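Here the structure comes first, spelled out in structure tokens, and everything after it is commentary.
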Amino acid sequence: MIRQPIQLFTDGACSGNPGPGGYGVILRCGDYEKEISEGFEDTTNNRMELMAVIVGLESIKWENAVVTVYSDSSYVVNAVTKGWLDNWVLKDFKGKANPDLWIRFLEVYKKHRVNFVWVRGHNGHPENERCDRLAVDAYKKLI
């Protein structure tokens with residue numbers, strides 16, 4: 001069975017850094033679309049950006065999916081596309097933030113064929129704006 005490629009739109013938000021935050025995800029495959037969001041009482045923006053990608057990838061119900069992740073997070077996109085993450089793994093994440101999430105990311109990332117596309121945040125990209133609203137609404141429910 002040939003599966004359609006998946007588009008994964010993600011964003012994280014935080015009020016204060018650290019502070020209350022949340023993430024928003026839009027998972028799109030053909031005509032199917034799913035929104036996911038969650039808020040946290042005490043977190044950072046980078047954690048929420050990374051959580052959005054992780055949760056989105058974890059929601060894919062089959063392995064070896066072709067996935068394009070659209071994110072406005074230079075932290076996440078550059079860590080993967082510029083090889084920073086490979087170096088962090090070699091150094092056992094010494095001195096790096098969020099090793100728990102990066103390890104979780106790697107577990108799910110290896111199950112798929114993932115490409116990253118950086119998008120400029122708060123610049124009118126419809127899905128990025130929607131993910132931002134999902135993220136903000138998620139943490140505002142907590143405060």
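The structure presented is a predicted model; accordingly, all values stated were derived computationally and were not measured.
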**Item:** Separation between CG of Leu27 and NZ of Lys61, rounded to the nearest 0.5 Å
**Value:** 9.0 Å
**Prompt:** Rounded to the nearest 0.5 Å, how far apart are CD1 of Ile60 and CD1 of Ile6?
**Reply:** 4.0 Å
**Message:** Ring-plane angle category for Trp102 and Phe105, please: parallel below 30°, perpendicular beyond 60°, tilted otherwise.
**Reply:** perpendicular
**Message:** Nearest 0.5 Å, please: how far is CD1 in Ile36 from OG in Ser59?
**Reply:** 3.0 Å
**Prompt:** Could Arg47 and Asp100 be called an ion pair, given the rule that one side-chain N must be under 4.0 Å from one carboxylate O?
**Reply:** yes
**Item:** Minimum heavy-atom distance Ser15-Tyr139, with the two atoms named
**Value:** CB-OH, 3.5 Å
**Asked** Roughly how far, to the nearest 0.5 Å, is NZ of Lys96 from CG of Asn87?
**Response** 9.0 Å
**Request:** Please confirm whether the backbone N or O of Thr68 pairs with a side-chain atom of Asn115, one donor and one acceptor, at under 3.5 Å?
**Result:** no
**Item:** Candidate pair Lys111 and Asn64, rule side chain to side chain contact (heavy atoms under 4.5 Å, CB included), full reasoning
**Value:** CA-CA 6 Å; Lys111 294 180 180 180; Asn64 205 30; over 6 Å; no
**Request:** Establish, from distance only, whether the side-chain atoms of Asp11 and Tyr70 form a donor-acceptor pair under 3.5 Å.
**Result:** no
**Item:** Over all atoms of both residues, closest heavy-atom pair of Val25 and Gly56
**Value:** CG1-CA, 3.9 Å
**Fill in**
Rounded to the nearest 0.5 Å, the OG atom of Ser37 sits from the CG atom of Asp132 at a distance of 12.0 Å
**Asked** Any chain of hydrophobic side-chain contacts (each under 4.5 Å) joining Met48 to Val53?
**Response** yes
**Request:** Considering non-hydrogen atoms only, spot the tightest contact between Ala135 and Gly24 and give its length.
**Result:** CB-N, 3.6 Å
**Prompt:** With a 4.5 Å limit on heavy-atom distance, are the side chains of Glu127 and Arg28 in contact?
**Reply:** yes
**Request:** Provide the closest heavy-atom pair for Thr10 versus Asn128 in the form atom of the first, atom of the second, distance.
**Result:** O-ND2, 3.9 Å
**Prompt:** How about Val67 and Val69: do any of their side-chain heavy atoms sit closer than 4.5 Å?
**Reply:** yes
**Request:** Indicate yes or no for a side-chain donor-acceptor contact from Thr43 to the backbone of Phe40 under 3.5 Å, with no hydrogens or angles considered.
**Result:** no
**Prompt:** Should Val117 and Leu50 be regarded as members of a common hydrophobic cluster, given that ILVMFWY residues are connected when their side-chain heavy atoms come within less than 4.5 Å of each other, either directly or indirectly?
**Reply:** no
**Asked** Are the side chain of Glu49 and the backbone N or O of Ser74 linked by a donor-acceptor pair below 3.5 Å?
**Response** no
**Prompt:** So, does Trp88 use its side chain to make a donor-acceptor pair with the main chain of Phe93 at under 3.5 Å?
**Reply:** no
**Prompt:** What about Phe116 and Val55, same hydrophobic cluster or not, with Ile/Leu/Val/Met/Phe/Trp/Tyr joined at side-chain heavy-atom distances under 4.5 Å?
**Reply:** yes
**Message:** Pair Glu33, Ile26 - check side chain to side chain contact (heavy atoms under 4.5 Å, CB included), show working.
**Reply:** CA-CA 7 Å; Glu33 191 171 278; Ile26 301 168; 3.7 Å; yes
**Message:** For the CD atom on Glu41, are there more than 12 heavy atoms of other groups (residues, nucleotides or ligands in this structure) within a distance under 6.0 Å?
**Reply:** no
**Request:** Hey, could you give me the CZ/CD distance between Arg113 and Glu63, rounded to the nearest 0.5 Å?
**Result:** 12.5 Å
**Item:** For Leu142 against Gly39, the heavy-atom pair lying closest together
**Value:** CD1-C, 3.2 Å
**Prompt:** Donor-acceptor pair, His112 side chain versus Val66 backbone, under 3.5 Å?
**Reply:** no
**Request:** Could you go through the side chain to side chain contact (heavy atoms under 4.5 Å, CB included) check for Leu134 and Glu35 one step at a time?
**Result:** CA-CA 8 Å; Leu134 288 168; Glu35 292 182 349; 3.5 Å; yes
**Item:** Joint cluster assignment, Tyr75 & Val80, ILVMFWY side-chain distance < 4.5 Å
**Value:** yes
**Message:** Under the criterion side chain to side chain contact (heavy atoms under 4.5 Å, CB included), I'd like the reasoning laid out for Met51 against Arg104: C-alpha separation, chi angles, the key distance, then a yes or no.
**Reply:** CA-CA 9 Å; Met51 274 294 292; Arg104 183 173 161 189; 3.8 Å; yes
**Asked** What's the shortest heavy-atom distance between Cys29 and Trp62, and which atoms?
**Response** SG-CH2, 4.0 Å
**Hydrophobic cluster identity match, Leu85 and Leu90, side-chain contacts under 4.5 Å** = no
**Request:** Run the numbers on Glu38 and Tyr23 for side chain to side chain donor-acceptor pair (under 3.5 Å), then give the verdict.
**Result:** CA-CA 6 Å; Glu38 185 177 3; Tyr23 65 80; 3.0 Å; yes
